[in-house]
Amino acid sequence: MDQSKIDALRALPVPAFSHLIDGRVVDASDGGRMPVLSPIDGTVLTSVAMGTARDMETAIAAARVAFDDGRWSAQPPAARKKVLLRWADLIEANAMELAVLGVRDNGTEIGMALRAEPGSAAGTIRYYAEALDKIYGEIAPTAPDVLGLIHKEPVGVVGVIVPWNFPLMIGAWKLAPALAMGNCVVLKPAETASLTLLRMAELALEAGLPPGVLNVVTGKGAVVGEALGLSMDVDALVFTGSGGTGRRLMEYAARSNMKRVYLELGGKSPNIVFADAPDLAEAARTAATAIFRNAGQVCVAGSRLLVEASIHDDFVAEVASAAQAMRVGDPLRLDTHIGAVNSEAQLMRNLGFVDTARAEGGQVITGGGRILQESGGYYMAPTIVTGVTPDATLAQQEVFGPVLAVTPFDTEAEAVRIANATVYGLAGAVWTSDLGRAHRMVRAVRTGVMHVNTYGGADGTVPLGGVGQSGNGHDKSLHAIDKYINLKTAWIRL
Ligand code: NAD
């Protein structure tokens with residue numbers, strides 16, 4: 001990675017972007033546009049189309065026609081694979097451009113953005129491209145006088161709604177398996193992170209994806225997102241974002257055509273440290289990165305630190321010094337550890353949680369406030385609050401910012417009780433040298449992902465999904481494919 005290259009890219013003006021519908025760049029039907037503010041310095045970067053419900057209906061109609069005429073779904077798997085592999089190559093060839101554009105749009109530190117955004121999106125697309133011609137139908141073990149065939153068919157038109165924290169990575173988790181299985185897609189990016197997804201969709205056209213197969217409509221969730229959710233012509237809705245929006249999507253489905261809804265929602269993931277952790281210094285450093293990378297805007301962030309009481313004070317002091325050593329600032333500098341908070345509204349929300357934590361008896365031992373305000377950007381010091389009781393707001397509600405809640409525990413049973421005492425269940429970790437305890441904790445903590453003596457392990461080969469109000473269904477791995485196919489059975493009398 002080369003700082004001078006990043007600096008050259010950040011100096012480039014960003015063109016205005018509009019929807020991508022049926023292979024064409026299209027303005028909003030009423031000409032509406034939304035400014036795009038850069039969280040780095042609060043300046044206007046560019047603008048995107050502010051979509052209307054009519055724009056969304058146009059995009060859904062384009063996807064429906066494309067699906068029904070088979071221009072993609074009826075192509076031989078090998079042909080679809082070729083297009084998707086070309087798309088991954090193009091994303092990789094433009095990785096630096098995409099990463100810098102994304103950081104200017106959403107504020108993630110560039111080192112992480114390069115790995116987690118274009119790099120991971122290309123990897124995900126390649127994974128499903130390689131998988132798509134290895135998926136077979138089945139023959140059921142029926143009585144010998146019939147043949148029961150199980151076909152795996154695409155679902156049809158899939159609506160994809162994504163958040164702003166990792167638009168390309170999370171977008172690809174959904175677009176890649178959906179397209180690989182022959183579906184057509186209408187994508188609705190988050191208001192504050194549309195640019196790279198629009199650029200990635202342009203690259204898909206360049207790779208040979210037929211027009212209408214992947215459509216992107218930008219705008220407000222409450223307008224274009226709602227129109228997508230309420231459509232009678234969308235067969236499945238896949239979503240990553242907040243629980244409140246997830247709940248609305250289920251309502252939209254119930255009020256319209258009962259489309260399938262798959263939700264990846266938030267978390268309040270417990271990072272549980274026992275006194276017998278193999279390396280407490282490493283556990284402390286990891287506890288800091290588990291919550292503070294990307295300014296805490298990570299769904300699986302280890303936002304609750306549960307520490308065995310006997311080591312609590314020393315351990316927390318080490319986490320605090322690791323936090324203080326993290327450089328917060330310009331996310332386009334390679335030596336920055338923590339970039340900007342995505343928007344001013346999000347920053348204010350984060351600060352509100354700190355105020356509430358103080359009012360509920362928590363002690364802010366480091367951070368707690370906005371910093372670098374003179375830059376015009378939205379930065380927050382990594383913040384650690386101790387003395388957070390299991391029922392406190394900070395222990396119960398997701399901040400989605402750089403705020404760590406610390407709670408002591410005395411026994412394994414108490415650690416499990418506290419860990420499981422939220423409505424969420426997305427991720428978690430246990431640090432211990434006791435193999436039996438490690439396995440017991442993996443079983444006992446109600447969550448979709450559990451780490452042992454590490455945090456944040458991620459690979460395209462393993463599923464990511466939550467339990468409880470962290471969602472349903474899984475992204476990543478071959479398991480994700482289930483969301484994008486229908487099983488059709490055929491009975492043949494012999
Ligand atoms: P959000 O729910 O506000 O927005 C997510 C998306 O939904 C955006 O594109 C938004 O425009 C759209 N939307 C908003 N209102 C809508 C409506 N009424 N109808 C249809 N669409 C609508 O969430 P956010 O603030 O962008 O993202 C942060 C949340 O995402 C956090 O809670 C975080 O934990 C969660 N998240 C989860 C995962 C995971 O894998 N489980 C990953 C990343 C983020």
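All residue numbers in this chain count up from 1 along the given sequence. Scope of the values below: all heavy atoms of this structure, side chains included, with no hydrogens, waters or symmetry mates. Counting starts at 1 for both ligands and their atoms, in listed order.
- In this structure, P189 has a heavy atom closer than 4.0 Å to ligand 1.
- Looking at G229, A193, C299, it is C299 that brings a heavy atom closest to atom 36 (N) of ligand 1.
- The number of heavy atoms from other shown groups lying within 6.0 Å of CZ (R54) does not exceed 12.
- We find that R199 and E97 are joined by a salt bridge, their nearest charged nitrogen and carboxylate oxygen being less than 4.0 Å apart.
- Atom 35 (C) of ligand 1 has as its closest protein heavy atom G241 O, 3.2 Å.
- The protein atom (non-hydrogen) at minimum distance from atom 27 (O) of ligand 1 is P163 CB, 3.4 Å.
- Polar contact check, K188 against ligand 1: a nitrogen or oxygen pair lies under 3.5 Å apart.
- For ligand 1, the polar-atom distance check finds no N/O of L464 at less than 3.5 Å from any of the ligand's N/O atoms.
- Atom numbering of ligand 1 starts at 1 in the shown order; those under 4.0 Å from a heavy atom of N165 are 43 (C), 44 (C).
- When the heavy atoms of E191, E264, K476, E398 are ranked by distance to atom 31 (C) of ligand 1, first place goes to E398.
- In summary, the atoms of ligand 1 found under 4.0 Å from a heavy atom of R248, numbered by their order in the structure, are 18 (N).
- A salt bridge does not link K259 with D235: none of the charged nitrogens is closer than 4.0 Å to a carboxylate oxygen.
- Ion pair D482/K152 not flagged as a salt bridge, since none of the NZ, NE, NH1 or NH2 atoms sits closer than 4.0 Å to an Asp/Glu carboxylate oxygen.
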Side chains of residues 394-405: which donor-acceptor pairs under 3.5 Å do they make with residues two or more places apart or in other chains?
residue, atom, partner, partner atom, Å
Q396, NE2, P390, O, 2.8
Q396, NE2, A421, O, 2.8
E398, OE2, G267, N, 3.1

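- The nearest protein atom to atom 33 (C) of ligand 1, hydrogens excluded, is given as F400 CE1, 3.1 Å; this is a heavy-atom distance.
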(Q) If you apply the rule salt bridge (Lys or Arg N to Asp or Glu O under 4.0 Å), what do you find for R333 with E109, and how did you get there? (A) CA-CA 8 Å; R333 291 219 45 91; E109 48 276 8; over 6 Å; no
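- Using a 4.0 Å cut-off between a side-chain N of Lys or Arg and a carboxylate O of Asp or Glu, R33 and D27 qualify as a salt bridge.
- Other residues, nucleotides and ligands place no more than 12 heavy atoms under 6.0 Å from the CD atom of Q373.
- Backbone and side-chain nitrogen or oxygen atoms of L426 are examined, and none is located within less than 3.5 angstrom of a nitrogen or oxygen of ligand 1.
- W164 NE1, 3.5 Å is the protein heavy atom nearest to atom 24 (P) of ligand 1.
- In terms of protein heavy atoms, atom 8 (C) of ligand 1 is closest to V162 O, 3.4 Å.
- Residue contacts with ligand 1 leave out F166, since none of its heavy atoms falls under 4.0 Å from the ligand.
- Contacts with ligand 1 closer than 4.0 Å are made by side-chain heavy atoms of I170 only, the backbone lying farther away.
- For ligand 1, the polar-atom distance check finds no N/O of T240 at less than 3.5 Å from any of the ligand's N/O atoms.
- A donor atom on one side chain and an acceptor atom on the other are not found under 3.5 Å apart for T58 and D55.
- In L228, neither the side chain nor the backbone holds a heavy atom less than 4.0 Å from any atom of ligand 1.
- At least one heavy atom of L249 lies less than 4.0 angstrom from ligand 1.
- Y379 places a side-chain N or O within 3.5 Å of a backbone atom of I40 that can act as its donor or acceptor partner.
- When only non-hydrogen protein atoms are considered, atom 23 (O) of ligand 1 lies nearest to S242 N, 3.3 Å.
- When only interatomic distances are considered, the shortest N/O to N/O separation between K220 and ligand 1 does not fall below 3.5 Å.
- Ion pair R349/E344 not flagged as a salt bridge, since none of the NZ, NE, NH1 or NH2 atoms sits closer than 4.0 Å to an Asp/Glu carboxylate oxygen.
- For atom 37 (C) of ligand 1, the choice among V298, V449, L265 with the nearest heavy atom turns out to be L265.
- Counting only heavy atoms of the protein, atom 17 (C) of ligand 1 lies nearest to G221 O, 3.3 Å.
- Remark: R10 CZ is packed, more than 12 non-hydrogen atoms of other residues, nucleotides or ligands lying under 6.0 Å away.
- Judged by distance alone, the side chain of N215 and the main-chain N or O of I21 form no donor-acceptor pair under 3.5 Å.
- Those atoms of ligand 1 with a heavy atom of I161 less than 4.0 angstrom away are 6 (C), 7 (O), 9 (O), 12 (C), 20 (C), 21 (N).
- Figure legend: K483 and Y262 shown as a cation-pi pair, the cationic atom lying under 6.0 angstrom from the six-membered ring centre and within 45 degrees of its axis.
- Looking at atom 18 (N) of ligand 1, its nearest protein heavy atom turns out to be Y252 OH, 2.9 Å.
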